Asker: 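Following this message is one structure expressed as structure tokens.
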Amino acid sequence: MKTQFKERKINIESEEGTEKFANFLAENAEPGDVIGLIGDLGTGKTAIAKYIAKALGVTETVSSPTFNIVKEYRSGRMPLYHFDVYRLPDGESLLDIGGDEYFEAGGLCVIEWADIVLSVLPEDTILIKLEYTDKEGERIITIC
């Protein structure tokens, strides 16, 4: 999927826009891809993960894995490994719990708070930064 993206900024003005963006990510995802989501609380990281899951055909209820670190969903067109690494101090902690094994497990990894573990993510990770704007409900998404 990495070849689908060039560094760019996208203005998302609504929940529907967030879903459309996540659908694009899911449609272009391949087994082994890693998507890192970076942004403050409430910028839409979990929403993007949920919409990706929906677009992949995941039938389970998708929720933030804050206390589990990772949740696995296998009902879609490929496994989805949804991480929330907010409670980890650094990338080495992700390695210590075997998080890197998911990168080679043949599914799509979506990692919330990816900036915390950036040092151990695969080189071809697609990083998506989400930021608030002055307009309510609007976000700027930077893909890098």
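Residues take their numbers from the sequence shown, with the count starting at 1. Bear in mind that the values here come from a model prediction, so they are computed numbers and not experimental data.
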Asker: Could you work out, with side-chain hydrogen bond (donor to acceptor under 3.5 Å, both in side chains) as the rule, every residue matching K129, not counting sequence neighbours?
Answerer: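 Counting only residues at least two positions away or on another chain, K129 forms no side-chain hydrogen bond (donor to acceptor under 3.5 Å, both in side chains).
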
Asker: According to side-chain contact (heavy atoms from CB on, under 4.5 Å), who are the partners of K71, at least two apart in sequence or on a separate chain?
Answerer: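 S63, P65, N68, Y73.
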
Asker: If you measure from CG on L25 to CD1 on I52, what distance do you get to the nearest 0.5 Å?
Answerer: 4.5 Å

Asker: Measure the OG1-CD distance between T18 and E13 for me, rounded to the nearest 0.5 Å.
Answerer: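 Here the rounded value is 10.5 Å.
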
Asker: If the condition is side-chain contact (heavy atoms from CB on, under 4.5 Å), which residues does D40 pass it with, not counting sequence neighbours?
Answerer: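 side-chain contact (heavy atoms from CB on, under 4.5 Å) list for D40, sorted by chain: T43, Y132.
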
Asker: Quick one, T46 and V62 - any side-chain contact, counting heavy atoms below 4.5 Å?
Answerer: no

Asker: Do L130 and I38 touch side chain to side chain, with heavy atoms closer than 4.5 Å?
Answerer: no

Asker: Of the non-hydrogen atoms in A26 and A55, which two are nearest, and what is the gap between them?
Answerer: CB-CB, 3.4 Å

Asker: Show your working on side chain to side chain contact (heavy atoms under 4.5 Å, CB included) between I12 and E138 and close with a plain yes or no.
Answerer: CA-CA 6 Å; I12 302 289; E138 184 177 73; over 6 Å; no

Asker: What I'd like to find out is whether the side chain of L37 reaches to under 4.5 Å of the side chain of I111, using heavy atoms alone.
Answerer: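 In short, these two side chains do not touch, never coming nearer than 4.5 Å.
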
Asker: Taking all non-hydrogen atoms of both residues into account, name the closest pair between G106 and P31 and its distance.
Answerer: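 Here G106 and P31 meet closest at O-CB, 3.4 Å.
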
Asker: Could you work out, with side-chain hydrogen bond (donor to acceptor under 3.5 Å, both in side chains) as the rule, every residue matching E60, not counting sequence neighbours?
Answerer: S75

Asker: How long is the span from the CG atom in L121 to the CD1 atom in I116, to the nearest 0.5 Å?
Answerer: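 One finds 11.0 Å between CG of L121 and CD1 of I116.
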
Asker: Does one hydrophobic cluster hold both I48 and M78, with members joined at side-chain heavy-atom distances below 4.5 Å?
Answerer: yes

Asker: Please list, chain by chain and in numerical order, all residues satisfying side-chain hydrogen bond (donor to acceptor under 3.5 Å, both in side chains) with D90, sequence neighbours excluded.
Answerer: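 With sequence neighbours excluded, D90 shows a side-chain hydrogen bond (donor to acceptor under 3.5 Å, both in side chains) to S93, given in chain and number order.
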
Asker: Can you list the residues that meet the side-chain contact (heavy atoms from CB on, under 4.5 Å) rule with P122, with sequence neighbours excluded?
Answerer: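 Expected list: V34, F103, D124, T125.
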
Asker: Check whether any side-chain heavy atom of L94 sits under 4.5 Å from a side-chain heavy atom of D96, and report yes or no.
Answerer: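 The answer is no, as the side chains (C-beta and beyond) never meet within the 4.5 Å cut-off.
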
Asker: Go through the structure and list residues passing salt bridge (charged side-chain N to carboxylate O under 4.0 Å, His left out) with E104, not counting sequence neighbours.
Answerer: none

Asker: State which residues pass salt bridge (charged side-chain N to carboxylate O under 4.0 Å, His left out) with K9; sequence neighbours excluded, sorted by chain then number.
Answerer: none

Asker: Is there a side-chain contact between I69 and I97 (heavy atoms, below 4.5 Å)?
Answerer: yes

Asker: Tell me the ring pair (Phe, Tyr, Trp, His ring centres under 6.0 Å) pairs involving residues 29-54, sequence neighbours left out?
Answerer: none

Asker: Got a second to check how far E30's CD is from N28's CG, nearest 0.5 Å?
Answerer: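 So the CD of E30 and the CG of N28 are separated by 8.0 Å.
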
Asker: Going from CG on L127 to CD1 on I143, what distance comes out if it is rounded to the nearest 0.5 angstrom?
Answerer: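 So the CG of L127 and the CD1 of I143 are separated by 11.0 Å.
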
Asker: Can you find a heavy atom in the side chain of E92 that is under 4.5 Å from one in the side chain of V120?
Answerer: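 Yes, close enough: below the 4.5 Å cut-off.
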
Asker: Going by the rule side-chain hydrogen bond (donor to acceptor under 3.5 Å, both in side chains), which residues pair with K54 if we only count those two or more places apart in sequence or in a different chain?
Answerer: E19

Asker: With a 4.5 Å cut-off on side-chain heavy atoms, are I10 and F21 touching?
Answerer: yes

Asker: So T133 and R139, side chain to side chain contact (heavy atoms under 4.5 Å, CB included) or not? Walk me through it.
Answerer: CA-CA 6 Å; T133 69; R139 305 288 186 268; 5.8 Å; no

Asker: Could you tell me the separation between the NZ atom of K50 and the OG1 atom of T61, rounded to the nearest 0.5 Å?
Answerer: 9.0 Å

Asker: For residues 79-89, tabulate all N or O donor-acceptor pairs below 3.5 Å that involve a side-chain atom, not counting sequence neighbours.
Answerer:
residue: H82; atom: NE2; partner: E112; partner atom: OE2; Å: 2.6
residue: D84; atom: OD1; partner: Y86; partner atom: N; Å: 3.0
residue: D84; atom: OD2; partner: S64; partner atom: OG; Å: 2.9
residue: D84; atom: OD2; partner: T66; partner atom: OG1; Å: 2.9
residue: R87; atom: NE; partner: T66; partner atom: O; Å: 2.9
residue: R87; atom: NH2; partner: F67; partner atom: O; Å: 3.3

Asker: List for me each residue that meets salt bridge (charged side-chain N to carboxylate O under 4.0 Å, His left out) alongside R77, sequence neighbours excluded, and say none if there are none.
Answerer: none

Asker: For a side chain to side chain contact (heavy atoms under 4.5 Å, CB included) check, start with the C-alpha distance between L41 and W113, then their side-chain angles and the critical distance, and finish with the verdict.
Answerer: CA-CA 10 Å; L41 285 170; W113 301 100; 3.7 Å; yes

